[in-house]
Amino acid sequence: MKYFLLPFTFILINLISFAQFENFDLSKYKLPDIKRHQLDFNFQSQGQNSSTFAIYDSGTEIDTFENNQNEFYGRGNMNYSFYRNSNKVQISVKAHTSIRYDRVERFYRFGDGITDNDNSYFGSGFDIQYNIKYFLKNNWFLTTSPVFDISYSEDNNLIENSEWKRSERGGSLLVGGGKGRIEHVEDFRHAILILQKLDKKGIIKRNLSEEEIVELSTLISELKNKRFFDYRKQKEIELTTIDSFLVSNNIINDENSISYFVVLQEMWSYGGRQFRESGNQFTFFVKPRYDFNMYGNDEEYIREQFSTDYSAIFISMNPVSFKWQTNYEFGVLHSHTKFLLPVNSTPEKEYFSRAFVSGLAGFYPNTRTNFDFQGIMSLMHNSYNEAFDNEAYSFQLQLSTSGYYYISERMRLGYNISYQNNKSGILNRDRKNSKQHSFNYYLNLNYAIF
């Protein structure tokens with residue numbers, strides 16, 4: 001028995017040491033005062049030029065075949081984002097602009113038959129959204145979110161000298177309030193993962209207090225939200241700062257070992273990529289929106305509408321443990337749309353109402369793997385003329401699961417599976433009803449030979 005006592009004791013000590021970090025409550029972490037700006041550009045261009053000429057001799061007659069094709073596709077996108085977090089405010093700004101140009105020329109001739117096409121397409125769009133939550137006492141808050149979007153496109157047939165234009169513009173202003181606050185807590189988990197891996201390698205020399213882990217987490221949050229033009233310089237500063245914290249606080253026992261630097265590099269790069277949130281929040285708001293859409297030339301088709309959305313929603317984000325996350329949400333929404341310029345048989349008014357409840361369970365066993373399981377149930381009603389003037393109730397059930405498994409550097413597996421069940425006329429057997437089922441799946445296996 002004594003031959004098994006020593007290795008058993010060693011394993012038990014390691015398990016206790018490794019598990020000590022998982023006992024900290026992620027929900028206690030609060031983000032520091034941070035600001036983050038990010039600007040991303042994306043450009044794509046693709047083209048093709050081909051020409052074919054042939055002579056066919058059937059014995060009785062000679063035909064010629066000619067095919068010329070020129071294609072050009074261009075895309076451009078710019079995304080700007082800003083995030084601010086403090087005790088008083090949470091602010092997010094998102095702006096996106098895009099441009100697209102396509103030109104396709106095709107000439108086909110066989111004998112006397114000729115097909116000639118020359119089409120061009122131009123499209124552009126811009127949208128911006130600003131959201132702010134201003135916190136009062138006891139986590140009560142006021143919120144507003146203006147949104148503006150505009151798009152324009154032209155489709156031209158240069159052979160027939162015809163074009164089709166489409167322009168859309170709209171905007172909304174959300175105004176509301178609520179109680180509660182939701183925080184991002186993945187940086188606290190990131191700090192624990194770094195310490196866990198160092199502890200597993202025998203580099204940690206002492207136990208850390210929760211205050212010290214919070215201090216390290218705050219440092220990580222600040223480093224992640226600094227912007228650098230040179231990524232290599234950014235990585236150098238980040239790793240140097242984390243190393244300085246661990247050394248100055250006498251946390252590691254051999255900062256010069258290659259094992260220490262390998263672990264720090266790996267966990268800094270890959271240990272904080274799984275997002276986790278914590279907190280409860282109740283929100284109510286009113287959101288009026290105006291849309292003006294015009295299609296075709298000479299104002300052939302115009303649609304103008306004004307809508308107002310009302311909602312009351314409760315959200316709960318719960319990092320129940322280091323590896324498990326449970327979220328749930330329920331609420332009611334109601335929308336009233338007034339068609340200022342109705343088209344054809346479109347009614348002057350439309351009402352839509354929805355009550356829903358959803359739940360999600362997420363599992364994060366390590367930095368390589370994560371799974372989530374989600375379900376949403378909705379009861380909906382749609383009517384015209386007046387709200388709830390008929391028994392057109394419908395029910396919707398959505399179930400889904402997704403996951404990512406990092407098998408190795410050369411093999412990665414991801415999946416998404418969803419099921420949806422829709423049924424109308426659920427409260428009136430005499431009313432015509434319909435049923436719809438759908439099942440979708442997506443599997444992705446990446447394997448690199450070299």
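S120 places a side-chain heavy atom less than 4.5 Å from the side chain of Y101. For the pair F285/T144, no side-chain contact is recorded, criterion being any heavy-atom separation below 4.5 Å from C-beta on. Side-chain contact between Y73 and V104 is present, with heavy atoms from C-beta onward closer than 4.5 Å. You'll find the side chain of S378 reaches within 4.5 Å of the side chain of I376, heavy atoms only. For the pair N318 and Y328, the minimum side-chain heavy-atom distance is below 4.5 Å.
In this structure, the side chain of T143 does not engage the main chain of Y134 through any donor-acceptor pair within 3.5 Å. A donor-acceptor pair is defined here as one N or O able to donate and one able to accept, closer than 3.5 Å; no such pair exists between the side chain of N131 and the backbone of S145. A distance-only check finds no donor-acceptor pair linking the side chain of S394 to the backbone of K423 [under 3.5 Å]. With hydrogens and angles ignored, the 3.5 Å screen pairs no side-chain donor or acceptor of D243 with any backbone N or O of L239. A donor-acceptor pair is defined here as one N or O able to donate and one able to accept, closer than 3.5 Å; such a pair exists between the side chain of S269 and the backbone of Q265. Checking side-chain atoms of N249 against main-chain N and O of F245 turns up a donor-acceptor pair under 3.5 Å. Judged by distance alone, with hydrogens and angles left aside, the side-chain atoms of Q274 form a donor-acceptor pair with the main-chain N or O of T369 at under 3.5 Å.
In this structure, R106 pairs ionically with E71, as a charged nitrogen and a carboxylate oxygen lie closer than 4.0 Å. Ion pairing between a basic and an acidic side chain is recognised when a charged N comes within 4.0 Å of a carboxylate O; R84 and D33 show such pairing. The residues R206 and E212 are annotated as salt-bridged, a charged nitrogen and a carboxylate oxygen being separated by less than 4.0 angstrom.
A parallel orientation is assigned to the rings of F43 and F41, their planes being inclined by less than 30° (bins at 30° and 60°). Note: F292 and Y290 have parallel aromatic rings, judged against thresholds of 30 and 60 degrees for the angle between ring planes.
A ring-ring contact (aromatic ring centres under 6.0 Å, His included) check over residues 173-207, counting only residues at least two apart or in different chains, returns the pairs Y29-F188, H190-W268.
Residues passing the salt bridge (Lys or Arg N to Asp or Glu O under 4.0 Å) test with K226: none are found, sequence neighbours excluded.
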Exercise for the section: Report the C-alpha separation of N138 and K179 in whole Å, then their side-chain angles, then the decisive distance to 0.1 Å, and conclude whether the side-chain hydrogen bond (donor to acceptor under 3.5 Å, both in side chains) test is met. Expected result: CA-CA 8 Å; N138 300 321; K179 182 177 175 61; 5.8 Å; no
Exercise for the section: Show your reasoning for whether ring-ring contact (aromatic ring centres under 6.0 Å, His included) applies to F314 and F330. Expected result: CA-CA 6 Å; F314 178 79; F330 60 86; 5.5 Å; yes
Handout entry: Worked check of ring-ring contact (aromatic ring centres under 6.0 Å, His included) between W140 and F135
Key = CA-CA 6 Å; W140 284 95; F135 290 89; over 10 Å; no
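Under the side chain to side chain donor-acceptor pair (under 3.5 Å) test applied with R276, the options E186, E183, Q325 reduce to a single match, Q325. When K94, H37, Q38 are each tested for a side-chain contact (heavy atoms from CB on, under 4.5 Å) with F82, only one passes: H37.
Counting all heavy atoms, side chain and backbone alike, V263 lies closest to K197 at CG1-CG, 3.4 Å.
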Donor-acceptor pairs under 3.5 Å, side chain of residues 46-53 to any protein atom, not counting sequence neighbours: which ones?
unit_1: N49; atom_1: ND2; unit_2: N70; atom_2: OD1; d: 2.1
unit_1: S51; atom_1: OG; unit_2: N68; atom_2: OD1; d: 2.7

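Taking the ring axis of F322 as reference, the NZ or CZ atom of R189 stays within 45° of it and closer than 6.0 Å to the ring centre.
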